[in-house]
Enquirer: 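Encoded as structure tokens, here's the structure I'll be asking about.
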2 protein chains.
Amino acid sequence: MKLSQATDYAFRAILYLARQGVGEKVDAQTISEAEVIPKRFLLKIFRKLVQAGVVESYRGKYGGYALAVDPAKITLKDIVEIVEGKITVNRCLIDPDECNKRATNRCKIHNALAEIQQEVNQKLAEYNFAQFLD
Amino acid sequence: MKLSQATDYAFRAILYLARQGVGEKVDAQTISEAEVIPKRFLLKIFRKLVQAGVVESYRGKYGGYALAVDPAKITLKDIVEIVEGKITVNRCLIDPDECNKRATNRCKIHNALAEIQQEVNQKLAEYNFAQFLD
DNA sequence: TTTAAAGTCTACTAAAACAGTATACAAACA
DNA sequence: TGTTTGTATACTGTTTTAGTAGACTTTAAA
């Protein structure tokens with residue numbers, strides 16, 4: 001029941017770019033040093049963020065990354081889902097075949113977990129990166 | 001960001017015992033079959049529940065397990081914590097040394113995650129096993 | 001008082017996930 | 001045209017998860 005290290009790194013990388021402003025390019029090396037994130041690992045995380053359209057990348061000399069979206073429009077939930085996929089508190093909640101009792105909808109515990117999962121998603125969606133800028 | 005299979009099994013085992021009533025003994029084999037849980041694995045989970053005092057065990061022939069506590073007093077949070085320990089949404093929230101920026105208390109993101117963590121704990125604590133008895 | 005059926009304790013193992021690295025490649029600017 | 005940047009793919013070591021195994025202990029009934 002925890003977020004991965006990669007997600008935590010992504011939070012910090014996005015916040016770093018948000019502080020520079022939308023469209024302001026910074027190279028991975030600089031962010032890696034400032035935020036104490038292994039560079040190759042950070043590059044890997046950035047590829048997901050680029051693919052998702054949250055960040056844009058610039059290749060070649062003087063390349064780097066810049067925020068593509070207003071920080072106020074980027075939530076913690078967005079980043080979590082980009083990096084590690086949708087949150088699933090219990091495996092039964094994704095795929096009924098994962099419930100070895102095949103009782104997903106009849107099981108009150110699973111209904112409770114579904115509610116908790118929704119609550120977590122909602123909470124994560126309440127925080128956007130504009131709020132984290134000092 | 002999900003609960004382990006062991007926790008899910010524990011939920012179902014506790015619910016099974018709750019349906020029998022406090023003090024009503026059932027052997028692991030029966031529960032294993034009814035809830036489709038590997039028996040040896042279930043035995044291992046039960047040891048934690050026994051140690052925590054939620055369940056009492058009876059050894060020897062005609063032994064088994066029985067709920068030791070009123071189901072209304074057992075919450076989802078209790079079981080999660082017994083089986084997999086306290087929930088920590090982000091590793092920084094347990095140990096500041098885990099934050100490679102050493103910024104746990106100054107970091108607004110981590111403060112947000114701390115709030116979400118508390119929310120999850122509170123939600124889990126709102127559900128008790130009496131509520132799940134039809 | 002023996003024996004069979006229960007749980008206990010410790011250790012082991014296979015598979016998946018996590019965290020990070022490496023190597024080769026492509027683009028861009030100077 | 002060469003150096004600096006990101007891209008793509010694949011590899012690797014460690015930890016966690018999920019489950020299994022074997023030897024042992026307890027208990028009740030025959």
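Since we're looking at a predicted model, the values are computed, not measured. In what follows, chains carry the letters A, B, and so on, assigned in the order in which the sequence lines appear, proteins first and then strands, with residues in each chain numbered from 1.
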Enquirer: Would you say the side chain of B:Arg40 and the base of C:dG7 hold a donor-acceptor pair, judged only by whether the two atoms sit under 3.5 Å apart?
Expert: no
Enquirer: Which of the following nucleotides, C:dC29, D:dG6, D:dT9, is nearest to the side chain of A:Arg47?
Expert: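 Selected nucleotide: D:dT9.
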Enquirer: Just how far, in rounded Å, is C1' of D:dG2 from NZ of A:Lys61?
Expert: 8 Å
Enquirer: Look at the side chain of B:Pro38 and decide which nucleotide, out of D:dA28, D:dT20, D:dA18, has an atom nearest to it.
Expert: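 Of the options given, the side chain of B:Pro38 lies nearest D:dT20.
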Enquirer: Between D:dG6, C:dT8, D:dA18, which one does the side chain of A:Ala28 approach most closely?
Expert: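 Of the candidates, D:dG6 comes closest.
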Enquirer: Locate the shortest heavy-atom distance separating A:Val69 from A:Gly53; write the atom from each residue and the value.
Expert: CG2-O, 3.7 Å
Enquirer: Considering every strand and a 4.0 Å limit on heavy-atom distances, what is the contact class for A:Tyr62: base, sugar-phosphate, or nothing?
Expert: sugar-phosphate
Enquirer: Which whole-number value in Å describes the distance from A:Leu3 CG to C:dA17 P?
Expert: 17 Å
Enquirer: Under 4.0 Å between a side-chain N or O of B:Ser57 and OP1 or OP2 of C:dT8?
Expert: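 Yes, within the criterion.
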Enquirer: I want to confirm an ordering. Mapping A:Gly63 and A:Met1 to their closest nucleotides on DNA chain D, which one lands closer to the 5' end?
Expert: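 The residue closer to the strand's 5' end, by nearest nucleotide, is A:Gly63.
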Enquirer: So what does A:Gly60 touch, heavy atoms closer than 4.0 Å: a base, only the sugar-phosphate, or nothing?
Expert: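 Base, at least one base heavy atom under 4.0 Å.
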Enquirer: Quick one: sort the B:Tyr127 and B:Phe132 rings into parallel, tilted or perpendicular, breaks at 30° and 60°.
Expert: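 B:Tyr127 and B:Phe132: parallel rings.
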Enquirer: Does the pair B:Asp8 and B:Arg12 meet the rule for a side-chain contact (heavy atoms from CB on, under 4.5 Å), with working shown?
Expert: CA-CA 6 Å; B:Asp8 192 47; B:Arg12 280 150 52 186; 3.1 Å; yes
Enquirer: Which part of the nucleic acid does A:Tyr58 contact within heavy-atom distance under 4.0 Å: base, sugar-phosphate only, or nothing?
Expert: sugar-phosphate
Enquirer: Taking the side chain as every heavy atom from C-beta outward, state whether A:Lys108 and B:Gln131 have any pair of such atoms under 4.5 Å apart.
Expert: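 The answer is no, as the side chains (C-beta and beyond) never meet within the 4.5 Å cut-off.
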Enquirer: Checking B:Lys25 side chain against B:Tyr62 main chain: does a donor-acceptor pair fall under 3.5 Å?
Expert: yes
Enquirer: Write down the distance between CG (B:Asp27) and P (C:dT8), rounded to a whole number of angstrom.
Expert: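 Rounded to the whole Å, the gap is 13 Å.
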Enquirer: Would you classify B:Tyr65 as touching base, sugar-phosphate or nothing, given that sugar-phosphate means primed atoms plus P, OP1 and OP2, and contacts are heavy atoms under 4.0 Å?
Expert: sugar-phosphate
Enquirer: Checking contacts here: which listed nucleotide (C:dG20, C:dG7, D:dA18) is nearest the side-chain heavy atoms of B:Gln5?
Expert: D:dA18
Enquirer: Between B:Lys2 (NZ) and C:dA17 (P), how many Å, whole number?
Expert: 7 Å
Enquirer: Nearest-Å distance, CD1 (A:Ile45) to C1' (C:dT21)?
Expert: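 Checked: the CD1 to C1' distance equals 14 Å.
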Enquirer: Using only modelled atom types and a 3.5 angstrom limit, is any donor from either the side chain of B:Arg59 or the base of D:dT25 paired with an acceptor on the other?
Expert: yes
Enquirer: Distance only, no hydrogens: is a donor on one side chain within 3.5 Å (strictly under) of an acceptor on the other, for B:Gln118 and B:Gln122?
Expert: no
Enquirer: For B:Phe41 and C:dT8, what is the distance between atoms CZ and P respectively, to the nearest whole Å?
Expert: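 Interatomic distance, CZ of B:Phe41 to P of C:dT8: 16 Å.
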Enquirer: Take the protein atom CG of B:Leu43 and the nucleotide atom P of D:dT26, then report the distance between them rounded to whole Å.
Expert: 17 Å
Enquirer: Of B:Lys44 and B:Lys39, whose closest DNA chain C nucleotide lies nearer the 5' terminus?
Expert: B:Lys39
Enquirer: Which whole-number value in Å describes the distance from A:Tyr9 OH to C:dA19 P?
Expert: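 Computing the A:Tyr9:OH to C:dA19:P distance gives 8 Å.
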